[in-house]
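All remarks here apply to the structure that follows.
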Amino acid sequence: MSDYQAKIDRLIKRWEGKGMTGEEVVSQRKKKESRDSARVTSTHENPNATSETVRETLVTPVVDRCDVLVVGGGPAGISAALAAARTATKDSPIDVLILERFGCFGGVITTVGMETLGWYRYEGCTVDSEGIGKELERVSARMGGGDRKWAFNDSECLDTENFKFIADTLLKEAGCRTLLHTTFVDAIMDPEDPNKITGVAVENKSGRGIIKASRVIDCSGDADVAARAGCEFTKLNREDAMGLTTVFNLVGVDKSNFLKHINKKPATYRDWSLTWQQDTTGKEDELPSPYMQQEFDELNKKTKAEEKEPLSYGGSWSAITEKGEATNLNLVHMKGFDPLNAKDLTEAEIMGRKGVMEAVKALKENVPGFEASRLRNIAMTLGIRDSRKIIGKYNLTGRDVASQAKFPDTIGVFPEFIDGYNILILPTSGRFFEVPLGCLKPKSGENLLVAGRCCAGDMVSHAAMRNMMACTVTGQGAGVAAAVSFRNKQPTSEVDVKDVQDELVRQGVNIHGFRGVGRE
């Protein structure tokens, strides 16, 4: 074993005790929720329910039918819909419908303003899955929405506003049907087989309706469909979950003066420990990072002394355009909120916007180049890092991520990149792991797949799989698997893995970490 692998093993071992694998959670699901940092298994319930109830009698019309339904239009959902549609042939057409609750596709790219699908590309040695994730970057650059690099490395920055149009264009060109302003509200299960999903209930301005579907892919980010379908899932206590963030951007920044300020004492990833207690392998510590913390010291001291809201300030600034636009300021964070509780989300949204105003004031007062800047935009919704995780046929682990794991049912690869729960490992070594189809399959739940950050796994693996480029990997894998299972008339639990892998390779995915090679 190399010294580097031994160091990672020690790091992972320290943090494995902070969470449990899916199997361990299942065995303890009847225990009372505690604050021991363990994920707890739950079923769907309303956290704001009172003892009073109202009996509803619903006779809901079927408003649409499709072969593959994708719920959620973020990076995972876009990838799933495109992959499913591209699996179709002239002889085997596949009707794909993607629905989204907001008025645009793009998820955290367009609604939160996160402009990097993968910000981790240092030193040119990162191995990606290619496929739709990389395609989104290439198409964005070609269509005028991705001509900037993340500060200090080779990662592409997308134009988050332009990406709304790019997503529309890609989905339309692929033949996907789209439905915006539509909220998923319930899963429709087969009355003869309660584990088999047959569609979903939705609500929008047209009213309530049923969309019947042969296959459903949950790309909601919160495993909403899986939870309503009765699938088991895990969820961290609010005290242990990663914080929420309100992202904002400014115009009128003097880029030259700002960079002079930054270059006087360049920040590194070692400095992240000023905000978050973190472990690294050591190789990350001296790499330059677009990070600001000392600039907010006085504001953080004031907030703490006054015992105000659970706000903290400091973080990354991504990139500054030549026209002085600070397009992604990830600087306002909140802990202790439940992202599955509407009252908590309401409080956090309002608190976050208040925090943005404090952060803007601190930037103008303390950061050279920001003196004449002004607020351009506050994200239309919170940035959420974790909520539900399904319990899958296979539950990915931190050891899988950090030991170059390989799987017979691989659907793609992702770099050895862990960012969350006080761990930071950047993929500067060229190491990567394979992502198994099994972590997209709920332990119980037929013809339902889950992609994005709510796929199955423990805490440490989630710190990798929550990243947007990883979401495109699981999204494309789920889209192909759903389409192949429909075409082959196989349930998703029994879909032919080789057929799935062959189609992924045809779509340009590096399922083993190098181009053009399928399963042997």
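- Judged by a 6.0 Å distance limit and a 45° cone about the ring axis, Arg215 is not positioned over the six-membered ring of Phe486.
- Applying the side chain to side chain donor-acceptor pair (under 3.5 Å) test to every pair with at least one member in residues 69-86, sequence neighbours left out, gives these pairs: Arg86-Glu135.
- Atom CG of Asp159 and atom NZ of Lys164 lie 10.0 Å apart (nearest 0.5 Å).
- Between Glu232 and Lys443, no side-chain nitrogen of the basic residue sits less than 4.0 Å from a carboxylate oxygen of the acidic one, so the salt-bridge criterion is not met.
- Thr89 and Arg487 share no donor-acceptor pair across their side chains, judged by distance under 3.5 Å alone.
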Practice problem: Kindly indicate, with the supporting measurements, whether the criterion side chain to side chain donor-acceptor pair (under 3.5 Å) is fulfilled by Tyr291 and Asn330. | Solution: CA-CA 9 Å; Tyr291 174 83; Asn330 189 351; over 6 Å; no
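- Shown are Asp344, Leu345, Ile384; of these, the side chain to side chain contact (heavy atoms under 4.5 Å, CB included) with Phe337 is made only by Asp344.
- Annotation: the span from Asn204 atom CG to Leu180 atom CG amounts to 10.5 Å, rounded to 0.5 Å.
- In summary, the side chains of Asn510 and Asp128 do not present any donor paired with an acceptor at a separation below 3.5 Å, with no hydrogens or angles considered.
- Here the side chains of Val450 and Leu440 are not in contact, with every heavy-atom distance at 4.5 Å or above.
- Looking at residues two or more places apart in sequence or on another chain, you find a side chain to side chain contact (heavy atoms under 4.5 Å, CB included) between Glu349 and Arg353, Thr381, Leu382.
- Between Arg177 and Asp95 there is a salt bridge, with a side-chain nitrogen of the basic residue lying less than 4.0 Å from a carboxylate oxygen of the acidic one.
- Checked against a 6.0 Å centroid threshold, the rings of Phe432 and Phe417 do not count as neighbours.
- If you check the side chains of His333 and Thr245, you find a donor sitting under 3.5 Å from an acceptor.
- For Gln404 and Glu416, the side-chain atoms include no donor-acceptor pair closer than 3.5 Å.
- The neighbour count for Lys196 NZ, taken as heavy atoms of other residues, nucleotides or ligands under 6.0 Å away, does not exceed 12.
- Between the side chains of Ser493 and Lys393, not a single donor N or O lies within less than 3.5 Å of an accepting N or O.
- Put simply, CZ on Arg431 and CD1 on Ile425 are 8.5 Å apart, with the number rounded to the nearest 0.5 Å.
- The pair Asp224-Arg228 does not meet the salt-bridge criterion, since no charged nitrogen lies less than 4.0 angstrom from a carboxylate oxygen.
- With hydrogens and angles disregarded, no donor-acceptor distance shorter than 3.5 Å links the side chain of Thr178 to the backbone of Ile98.
- Residues Thr410 and Gln501 bring no donor and acceptor atom of their side chains to less than 3.5 Å of each other.
- The distance from atom SG of Cys471 to atom CZ of Arg466, rounded to the nearest 0.5 Å, is 9.5 Å.
- Between the side chains of Asn488 and Asp496, not a single donor N or O lies within less than 3.5 Å of an accepting N or O.
- Between Trp119 and Trp150, the angle of the ring planes lies from 30° to 60°, which puts this pair in the tilted group.
- Judged by distance alone, the side chain of Arg388 and the main-chain N or O of Asp222 form a donor-acceptor pair under 3.5 Å.
- A side-chain N or O of Asp386 and one of Tyr421 form a donor-acceptor pair less than 3.5 Å apart.
- Ring pair Phe414/Tyr120 is perpendicular by interplanar angle, where above 60° counts as perpendicular and below 30° as parallel.
- For the residue pair Ser318/Glu115, the side-chain donor-acceptor check at 3.5 Å is satisfied.
- Contact check on Asp338 versus Lys235 returns a salt bridge, with a Lys/Arg side-chain nitrogen under 4.0 Å from an Asp/Glu carboxylate oxygen.
- Taking 4.5 Å as the limit, some side-chain heavy atom of Phe407 sits within range of a side-chain heavy atom of Leu396.
- Atoms CE and SG, on Met465 and Cys439 in that order, are 5.5 Å from each other to the nearest 0.5 Å.
- A donor-acceptor contact shorter than 3.5 Å is absent between the side chain of Ser461 and the backbone of Gly457.
- Of the inter-residue distances, the one linking Ile132 atom CD1 with Glu137 atom CD reads 13.0 Å to the nearest 0.5 angstrom.
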